[in-house]
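First the proteins, then the strands, lettered A, B, ... as listed; each starts at 1.
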Amino acid sequence: MRTGSLSWNQLRTPAVWGVLLLAAGTLTLYASTYSVILITNILLYVILTVSWVLFSAPTGYISLATAAFFGVGIYTSAILGDQLPLPLVILTAAVASFGLAAIVGALTLRLKGVYFCFFTFGLVELIKHVLLWYEVSVTGLRGRFVVSADHITVYYIILAILAVLLLTSYLIRRSRVGLALRSIGESEEAAAHAGINVSAVKTMVFALSAVFVAAAGAAMARRWGYVDPYIAFDYLYSFTAVAMAVFGGVSRFAGPILGAVAFAYMRELLITRFPYIYMLVMGLVLVVTILFLPQGLVELATKAPWRRLRGPREPA
Amino acid sequence: METILGVVISGLMIGGLYALIAMGLSLQYGVARVLNVSHGEFIMLGALTTWTLYTVFGLNPLLALAVCGPIAFALGYVLHRTVYRRIWASSPSPGVFESNSLLASFGLLFIIQNLALFGWGPEIRGYTYLAFPVELAGVSFGANRLVTLGLALLVGVTFYAFLSRTRIGKAIRASAQDSTAAALMGVNINSVLALCFGLGAGLAAIAGMLISMCYPVHAVMGIPYTIIAMIVVVLGGLGSIPGSFLGGFVLGLIGSVVTYIEPALTLIAYYLIFALLLLVRPSGIMGR
């Protein structure tokens, strides 16, 4: 099978990504409005999931704060939407969320993982309360209207955010920072003794992962038209990111993407008519995956019969 | 003077509830090592079960204690024996167990919450029981709130006595310090850990029953209580059960003062305390 110095096996992954990128980049030329909106939603969940995996998978620190960063993005868009152009709004959302995550990280990440988990779990509720109190006592508003954008613009922004996120997480996995993160996950003390500034690395990557979530929130708010603190700061976003990542499997690069696409599609089918069933199924899938398939969906793929013939692939 | 007394007494009443909830979470994390974010859902189950028993079957809410507590205990015990035990067996290190059990309890949160939404719907429920005023030191309080405080104290003290005076209590304390060593000394560690998880769930359900006597309840009420329980557990010191009991009253008093000034800021004040605590003294009041 060798042709010159490059084999098909080496070219396969870049080829798949190239085709996917081409298909996604030209989607609005051939797809219906419905498909574009559907795929925007799916890509949104891929962003939430991959951002979560970026920090939580290698380190083992479970962040329950995705919804908080998403809400920060949404509210940035709602407050600044009619004053700044969209790219600046997204940038502001990203910076605000980076700052928030850096503060949370600096407070909790020098301590045991349980403090981080407790703190991030309540963060959504805290910001929701601060916002509600502010809106009621200062501005007198309950919700806000957001300047709307057409679905094609939102689609391309979401696609661009996802592309940057995938590239970032690919590069981090292969860099010294990625190595540092994994060694923190395996043994924090050993990592510290090896000369890694453990708290700084954790805080920086956590803050970086928040940036993409907030940017996606700022873009998506344009599609909704109206938001209030309860819509913007919803636990379900945190939960969804965690469930999708675990379901897909975090040990490989493609796992969370696979999990997010599968789940987001199911969500589209169920959420409007059977919201309780959707959330129930998510909960069940999360528990069952942890119990019976700890490596997630990608483990099944690597165990498939056609894989065995070629022998195992090295993890990416 | 009357205002101060009023604020203090209502702080103690809320504090009693917080203490129960936090003691439950403290048992589950401190001994069984499960970061149970679905703790609030057991509170919700206790509250809505009590509501159903009172409004449909006319059962006295105080007697509902005898129903909710054991059922929640059994549920927690079985959950630990099946789900968490299995995760424990498949986790290579305590760190991996902590994150996997947290993920599983996150899943449980949504399972229980949505099953409750099926059963009870999203409506806010409430009933009146013992709602007549009682004069105490010149300030009047609802009798139901005084009963709540009394019961919370009774359950808390009984539970403390159970831990410090009985043989099983001793086994629980030993397992909290070092579960491997306790197992080597002949403690049946599987059953003790499951017992702790079940007791935590039972305490949550009892707290839920008391909450339903004073406040409106609904299927998605759990999460704020879980957050409060987490803050109290950190305030009291991770893994310290007396610390959680004390921390509950401390936070209740602080909450009562803030509520008196500006009710919308209560949770924000709790979070400020949480952040300050992490900065200044992460080991909490009774932590080592």
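Between Y237(A) and F70(A), the ring planes are tilted. Angles from 30° to 60° get that label. Ring planes of F206(A) and F116(A): perpendicular class, angle over 60° (limits at 30 and 60°).
Most heavy-atom pairs under 4.5 Å with chain B: of the set L126(A), T289(A), L236(A), this distinction falls to L126(A). The residue among T226(B), L102(B), N100(B) with the most heavy atom pairs within less than 4.5 Å of chain A is L102(B).
Heavy atoms of L35(B) lying under 4.5 Å from chain A belong exclusively to its side chain. Proximity to chain B (any heavy atom under 4.5 Å) is shown, for V130(A), by both the backbone and the side chain. For Y29(B), the part sitting under 4.5 Å from any heavy atom of chain A is the side chain, from C-beta outward, and nothing else. Both the backbone and the side chain of L107(A) come within contact range of chain B, with heavy atoms under 4.5 Å apart. Within the 4.5 angstrom heavy-atom criterion, only side-chain atoms of L64(A), from C-beta onward, approach chain B.
Under 3.5 Å, the side chains of K202(A) and Y61(A) contain a donor-acceptor pair of N or O atoms.
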Steps toward side-chain hydrogen bond (donor to acceptor under 3.5 Å, both in side chains) verdict (W88(B), S101(B)): CA-CA 8 Å; W88(B) 178 258; S101(B) 63; over 6 Å; no
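Contact check on K112(A) versus E188(A) returns no salt bridge, with no Lys/Arg side-chain nitrogen under 4.0 Å from an Asp/Glu carboxylate oxygen.
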